[in-house]
Amino acid sequence: MKILVADDSRVMRQIVIRTLRQAGYDDHDIVEAEDGRDAYDKVHAENPDLVLSDWNMPNMSGLECLQALRSAGSAVPFGFVTSEGSAEMRDKASAAGALFLIAKPFTEETFRENLDGVIA
Amino acid sequence: MTLAPDAVGRPPQPRPAIPALIDEATVESIAGETWIALVGEDEVLVPIPGDLPEDTLSAWVDVVGPWTGSVVLTTGRQTAADLTRALLGEAAPELLDHEDVADAFGEIANVVGGNVKAAIPGPSTLGLPEVGPAPAVRNPADVCRIEVCWRGQPLVVSVQGALPSLPVPNTQHDNPHQNGASQ
């Protein structure tokens, strides 16, 4: 399986990838994207099985990326990993078609709870 | 939408100052959880004040909403570099450049700021993290500040309003960091 990790922070992308491995998802291919626009392009170029995206990013936010993907007909499984986990944002994420929203700071257990069933 | 008749002509309601919205214990708890999750399981923040060195670096995010201000982390430049190494772990390069430190320290501020935003009344928007000299305190009554130590080094978390104290004409929101505080 292939997982696309989108975050404008390189450090945070590394922490997300490290947490994926610690949570036991260590045999998947990882593709990185630097912002929502890059993620949108890489979903089409790389055809990932799951997108884990930050919300607040320059050029195109994670929410705008998800909305653009759905408008373009993509049904790629999509979850947010973001520093904002308010009920309002969870509602927005869900309405746009996100499967889950993981709030930072997170643990490997949080990853397992949200990703089990989404990826094998 | 029309205003209710009794709302017309009244002076504007006072803006809430941050001490009425969040307390120091909550900020300390948010920062502590962020450290354990991002920096490392054993990386505790000890609530002991200390004197910051002369050469400091700040990372912050802006919150704009019913309360408008910044969540600012300030520590010594060397401590910011140590934090970056702790976050990067094995991926840390031998020589850190400013971009690495700005990225790592900014991301810590982003996570602390996002959780502060979630703890105060909204709706609010969160800006992207910035790193540089700390933004100026505009209103000393609109500050919630904690001093902690990480690995024996002092660090300050300041949740500070971006607007000057009332009464002032309620002008259009301007750049809260116009005093050259960004970058």
Side-chain angles (χ1 to χ4, degrees), chain A residues 5-23 26 30 32-38 52-64 80-93 95 101-114, chain B residues 29-41 43 45 59 61-65 71 80-81 83-93 96-97 99-131:
Chain A
V5 176
D7 200 307
D8 54 316
S9 164
R10 185 175 65 88
V11 168
M12 188 50 73
R13 291 200 302 273
Q14 289 188 355
I15 290 173
V16 169
I17 293 165
R18 190 163 70 209
T19 308
L20 278 170
R21 299 202 194 295
Q22 288 167 346
D26 47 4
I30 305 288
E32 296 182 45
E34 294 180 354
D35 56 35
R37 167 62 62 188
D38 193 22
L52 291 178
S53 176
D54 187 18
W55 186 294
N56 210 10
M57 295 184 284
N59 301 322
M60 181 188 268
S61 73
L63 184 67
E64 289 165 347
F80 286 103
V81 181
T82 171
S83 61
E84 302 175 69
S86 66
E88 179 200 357
M89 294 186 71
R90 288 179 189 279
D91 289 346
K92 275 189 190 173
L101 186 152
I102 296 172
K104 303 172 190 171
F106 46 72
T107 63
E108 56 196 71
E109 187 55 38
T110 324
F111 265 48
R112 269 192 228 106
E113 284 166 12
N114 285 280
Chain B
S29 166
I30 288 170
E33 284 174 28
T34 301
W35 246 252
I36 287 170
L38 290 187
V39 187
E41 277 182 23
E43 304 288 357
L45 290 179
V61 289
D62 294 337
V63 177
V64 177
V71 180
L83 273 170
T84 304
R85 288 200 177 280
L87 256 73
L88 285 168
E90 291 170 3
L96 288 176
D97 58 30
E99 201 177 315
D100 293 321
V101 178
D103 184 7
F105 198 27
E107 193 55 32
I108 295 175
N110 186 36
V111 175
V112 174
N115 283 273
V116 167
K117 169 185 173 275
I120 64 176
S124 308
T125 56
L126 193 69
L128 293 169
E130 297 183 62
V131 174

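Numbered from 1 within each chain, the chains take letters A, B, ... in sequence-line order.
- The CE atom of Met12(A) sits 4.5 Å away from atom CG of Leu38(B), with the distance rounded to the nearest 0.5 Å.
- In this structure, the portion of Met57(A) lying under 4.5 Å from any heavy atom of chain B is its backbone and not its side chain.
- Listed by first then second residue, pairs satisfying salt bridge (charged side-chain N to carboxylate O under 4.0 Å, His left out) with a partner in residues 113-127 of chain B read Glu84(A)-Lys117(B), not counting sequence neighbours.
- Of the listed residues (Val112(B), Leu126(B), Leu88(B)), the greatest number of heavy-atom pairs within a distance under 4.5 Å of chain A belongs to Leu126(B).
- Heavy-atom contacts from other residues, nucleotides or ligands closer than 6.0 Å to CD of Glu34(A) number 12 or fewer.
- Tested against Pro105(A) for a side chain to side chain contact (heavy atoms under 4.5 Å, CB included), the candidates Ile30(B), Ile36(B), Asn115(B) yield a single pass: Asn115(B).
- Under the salt bridge (charged side-chain N to carboxylate O under 4.0 Å, His left out) criterion, the residue pairs touching residues 5-14 of chain A are Asp7(A)-Lys104(A), Arg10(A)-Asp100(B), Arg13(A)-Glu32(A), with sequence neighbours excluded.
- Both the backbone and the side chain of Ser9(A) come within contact range of chain B, each with at least one heavy atom under 4.5 Å from a heavy atom of that chain.
- When Glu88(A), Met89(A), Arg18(A) are compared by the number of non-hydrogen pairs under 4.5 Å with chain B, Arg18(A) comes out ahead.
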